[in-house]
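What follows is a single structure, written as C-alpha cells, with notes after it.
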Amino acid sequence: MLDFSRYFENPFDDVRIIDARLLNFIDDHIERLKARNADGEFDALIAELTARRDALRADQVTEDVARSRRIGKTSSVDALVVLFKEDVRRHEGTLRGLFEEDSETYLSFFPQGLSEYTAISRPEAPVLFARWRDLTAGLAGLLPPALVTLFKEYATQYATVRQAQQQEQGQVTAADTAALDARTRAELALVKGMHKIGERFPGQAEECAAFFNQSLLLPQTKKGGLPETDQPAG
C-alpha cells in the first residue's frame, strides 16, 4: 500500500541541516525561481521565501545560539550525539587556542584525545554531555557565553529525550501548538513552494528538481557513505 503522507512531510526538518546550509539553499532556490519567472508566476512565492529567509537570518544572533535552538528540537539520543560530535570538533580549536594542548584544562576536555568523541555509544553520551556542561560552566569567565549555553543545552536536552523515551510506548501526545519560530516558517515556505512547482510541472520530476540544489543542504559524503560528522552514534 502506498504511503501518500510522505509526499506531504517537511524534508527540511533535519538536525543535520544547520541554519547556514538552509540559508544558502534558500538563496540559491530564489535565484532559480527568478530565472524561470518571466511571466511572474512565481512572484508571490519569491516574496514569501525572501521574507522568511531574511527573518531567519536576522534570528541568527550567533552560530551557537542558532545551534542551541536546533538542539532543543532534537527528539532522539542518536541525533543529539551527531550534533554534539560536530560541536566538540568545532570548539576543540577554541579550547586549544585558549589553553595549551598539554595543559590540565585542555586535557580535562580530552583525557583520551579527540578520538574519544569519534564513536560515542549511548551509555557514554550522558557522561560526555555532563563533562562538557560542567567544564564549560566552570570556565564561564574565560569562554564565550554562547559556548557555555550551548553545552548546557546538550545535557538538558538529553535528560528531556531520555524521559520521553522511557514513557509508555504508544502514548498519544497533544499536538505542539507553540508559535512557529523563524526556522520552521522558512522550512514550511520551502515545502509550500515544492508543491507549487509540482503543480506547475505535474509528474515531471526532473523539471521540478531543477529548481533545487540539494547538495547545499548536507555535508558532502565520502565514497558514498555518511559524512564523518553524520555517522550514527555507537
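The analysis underlying the following values was restricted to heavy atoms, covering all of them including side chains, and did not include hydrogens, waters or symmetry mates. Since the structure is predicted, the reported quantities are computational estimates derived from the model, not experimental observations.
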Please name all residues satisfying side-chain hydrogen bond (donor to acceptor under 3.5 Å, both in side chains) with Ser115, sequence neighbours left out, ordered by chain then number.
none

Do [X] and [Y] have side-chain heavy atoms sitting under 4.5 Å apart?
| X | Y | answer |
| --- | --- | --- |
| His29 | Asn213 | no |
| Tyr158 | Phe84 | no |
| His91 | Leu150 | yes |
| Met194 | Pro11 | yes |
| Val82 | Glu86 | yes |

Determine, stepwise, if the pair Lys192 / Leu188 fulfils side-chain contact (heavy atoms from CB on, under 4.5 Å).
CA-CA 6 Å; Lys192 178 180 177 180; Leu188 295 183; over 6 Å; no

Distance flag, aromatic centroids of Tyr106 and Phe110, threshold under 6.0 Å
yes

Set of residues satisfying ring pair (Phe, Tyr, Trp, His ring centres under 6.0 Å) with respect to Phe99, sequence neighbours excluded:
none

Summary of salt bridge (charged side-chain N to carboxylate O under 4.0 Å, His left out) pairs that have at least one residue in residues 134-147, sequence neighbours excluded:
none

Contact list for residues 23-32, test salt bridge (charged side-chain N to carboxylate O under 4.0 Å, His left out), sequence neighbours left out
Asp27-Arg53, Asp27-Arg57, Asp28-Arg32, Glu31-Lys34

What is the distance from atom [atom1] of [X] to atom [atom2] of [Y], rounded to the nearest 0.5 Å?
| X | Y | atom1 | atom2 | result |
| --- | --- | --- | --- | --- |
| Leu98 | Leu139 | CG | CG | 9.0 Å |
| Leu45 | Leu190 | CG | CG | 8.5 Å |
| Asp13 | Thr184 | CG | OG1 | 6.5 Å |
| Glu187 | Ile26 | CD | CD1 | 8.5 Å |
| Glu101 | Leu95 | CD | CG | 11.0 Å |
| Ile17 | Leu217 | CD1 | CG | 4.5 Å |

Fit a plane to each ring of Phe151 and Tyr154, take the angle between them on a 0 to 90° scale, and name the class: parallel (under 30°), tilted (30 to 60°) or perpendicular (over 60°).
tilted

Assess the residue pair Arg122 and Asp78 against the criterion (side-chain contact (heavy atoms from CB on, under 4.5 Å)); give the C-alpha distance rounded to whole Å, side-chain angles, the decisive distance to 0.1 Å, and a yes or no.
CA-CA 8 Å; Arg122 289 191 178 188; Asp78 289 345; 3.0 Å; yes

Restricting to pairs with a member in residues 39-59, which pass ring-ring contact (aromatic ring centres under 6.0 Å, His included), not counting sequence neighbours?
Phe42-Phe211

Among all residues two or more places apart in sequence or in another chain, which pass the side chain to side chain contact (heavy atoms under 4.5 Å, CB included) test with [X]?
| X | result |
| --- | --- |
| Asp54 | Thr50 |
| Glu100 | Asp102, Ser103 |
| Leu107 | none |

Closest heavy-atom pair, Ala55 versus Ala182, reported as atoms and distance to 0.1 Å, is O-CB, 4.0 Å

On a heavy-atom basis, the closest approach of Ala186 and Arg52 is CA-CB, 3.8 Å

Less than 3.5 Å apart, which donor and acceptor atoms pair up between the side chains of residues 123-133 and the rest of the protein, not counting sequence neighbours?
from: Glu124; atom 1: OE1; to: Ser121; atom 2: N; distance (Å): 2.9
from: Glu124; atom 1: OE1; to: Ser121; atom 2: OG; distance (Å): 3.2
from: Arg131; atom 1: NH1; to: Phe109; atom 2: O; distance (Å): 3.2
from: Arg131; atom 1: NH1; to: Glu116; atom 2: OE1; distance (Å): 3.2
from: Arg131; atom 1: NH1; to: Tyr117; atom 2: OH; distance (Å): 2.8
from: Arg131; atom 1: NH2; to: Glu116; atom 2: OE2; distance (Å): 3.1
from: Trp132; atom 1: NE1; to: Tyr117; atom 2: OH; distance (Å): 2.8

For Ala137, does its backbone N or O pair with a side-chain atom of Lys152 as donor and acceptor, under 3.5 Å?
no

Under a 4.0 Å threshold between the charged nitrogen and the carboxylate oxygen, would Arg96 count as salt-bridged to Glu92?
yes

Contacts table for residues 195-207: side-chain donor-acceptor under 3.5 angstrom, sequence neighbours left out:
from: Arg200; atom 1: NE; to: Glu41; atom 2: OE1; distance (Å): 3.0
from: Arg200; atom 1: NE; to: Glu41; atom 2: OE2; distance (Å): 3.2
from: Glu207; atom 1: OE2; to: Arg36; atom 2: NH2; distance (Å): 2.4

